[in-house]
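Quick notes on the structure that follows.
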Amino acid sequence: MVRADQRSGKTPRPSVWLEDRERGGRRGGDRPSGLDRGRITEATVRLLDAEGLEKFSMRRLAAELDVTAMSVYWYVDTKDDLLELALDRAFGELALPEPESGADWRDELRALAREYRALLVRHSWLPALVGRFLNIGPHALRFSGAVQRVLGRTGLPEHGVTGAIAAVFQFVYGHGTVEGHFRARVASTGLTADEYHHRAMTEVLRDPDASDVIGRSARIMEARGGDTVEEMLERDFTFALDLLIAGIEAMVARGQG
């Protein structure tokens, strides 16, 4: 599909946040009554949560708002603008530590990681947009600033902070993305997570090509413990995060980064 900016010969903007749209739209005429960017963005997040990224369209959004599509375009130029706005709105849900809280960096890092994981699971469309946009909206920048402050107190040299950020939050991104996919799959079956897991393991263990590897996996999971899928996910996430924190501590102790 040819984008509007390609048809017009314009260079695509790096980010919707690099222009001032609150001054009022580029199209002529009066501002559509009852609309603003905030309301449009909130409706976008609701639709994405309910129907997913693939089904989202400007027409569907306009119908949700009970306006014409042209009314929406008065505030944004493209669907990508809206998706970038929705991405930042989601980041606004993250609870962040106070800049001068005085808490241990380990506790704050765990809290930030858990917040990010929950966000990715709660909004299953969000992982597909992370990296697609610059993500320099006000809420995303506050989250990035909090992460930088916390990891800046670890004792790592400054040149090692970005690596630590990547290690922790790329892990959280991957874990949260897979967990979100799993929960969506479970929801589509009408089963509980525990029922789905039990049925899947039972069926796979009957497959001679998979039974050996899956059998070993089952024994590893049994050793790990956890009576429910929720407990298993939580134990894995907690232990993996502790490994990463221990790695940071070890690097600091060795005077490396």
Side-chain angles (χ1 to χ4, degrees), residues 1 45 47-57 60 80 83 86-87 90-91 93-94 106 109-133 135 147 162-251:
M1 180 179 293
V45 172
L47 273 180
L48 289 169
D49 285 342
E51 301 179 0
L53 189 58
E54 291 182 358
K55 293 183 179 179
F56 179 78
S57 69
R60 181 69 187 87
D80 276 0
L83 294 176
L87 176 63
F91 269 77
E93 299 172 12
L94 294 166
R106 300 163 188 81
L109 185 59
R110 288 187 178 96
L112 283 168
R114 290 185 178 282
E115 282 287 314
Y116 189 37
R117 170 195 173 192
L119 185 74
L120 292 162
V121 173
R122 190 162 59 246
H123 301 297
S124 59
W125 48 270
L126 191 146
L129 302 185
V130 174
R132 176 171 165 182
F133 300 111
N135 207 13
V147 170
T162 56
I165 292 173
V168 174
F169 288 94
Q170 292 291 355
F171 151 69
V172 178
Y173 172 86
H175 191 288
T177 299
V178 172
E179 183 180 348
H181 290 331
F182 170 75
R183 292 184 184 278
R185 173 60 177 166
V186 169
S188 73
T189 67
L191 301 172
T192 66
D194 294 329
E195 291 169 341
Y196 179 84
H197 178 260
H198 176 75
R199 180 176 295 183
M201 291 296 290
T202 300
E203 292 296 324
V204 171
L205 284 170
R206 292 174 181 163
D207 183 346
D209 294 330
S211 60
D212 185 44
V213 173
I214 299 302
R216 285 200 300 272
S217 296
R219 291 191 291 275
I220 292 171
M221 288 188 288
E222 184 178 354
R224 179 237 358 244
D227 295 328
T228 67
V229 169
E230 197 70 37
E231 289 175 356
M232 289 187 282
L233 288 170
E234 184 59 29
R235 289 190 184 197
D236 283 345
F237 182 83
T238 298
F239 187 71
L241 187 56
D242 285 347
L243 284 176
L244 290 167
I245 290 173
I248 293 172
E249 292 172 328
M251 295 293 283

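Here the rule is side-chain contact (heavy atoms from CB on, under 4.5 Å) with H123, and of L119, V121, L120 only L119 fits it.
Here E115 does not pair with R122 in a salt bridge; the nearest charged N to carboxylate O distance is not below 4.0 Å.
Looking only at side-chain heavy atoms (C-beta outward), L109 and L244 stay at 4.5 Å or farther from each other. Residues W125 and L83 form no side-chain contact, since every pair of their non-hydrogen atoms from C-beta on lies 4.5 Å or further apart. In this structure, the side chains of T192 and V186 stay at 4.5 Å or more apart for every pair of heavy atoms. Inter-residue side-chain proximity for R132 and D80 is flagged as met; some heavy-atom pair is nearer than 4.5 Å. The shortest distance between side-chain heavy atoms of E179 and F237 does not fall below 4.5 Å. Side-chain contact between M221 and R235 is absent, with no heavy-atom pair separated by less than 4.5 Å. At least one side-chain heavy atom of L233 sits under 4.5 Å from a side-chain heavy atom of R117. By the 4.5 Å heavy-atom criterion applied to side chains, F171 and H175 are counted as neighbours.
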Should Y116 and L112 be marked as a side chain to side chain contact (heavy atoms under 4.5 Å, CB included) after you check the CA-CA gap, both sets of side-chain angles, and the distance that decides it?
CA-CA 6 Å; Y116 189 37; L112 283 168; over 6 Å; no
Give the intermediate values and the outcome of side chain to side chain contact (heavy atoms under 4.5 Å, CB included) for residues M232 and V229.
CA-CA 5 Å; M232 289 187 282; V229 169; 4.0 Å; yes
Worked check of side chain to side chain contact (heavy atoms under 4.5 Å, CB included) between T238 and R110
CA-CA 9 Å; T238 298; R110 288 187 178 96; over 6 Å; no
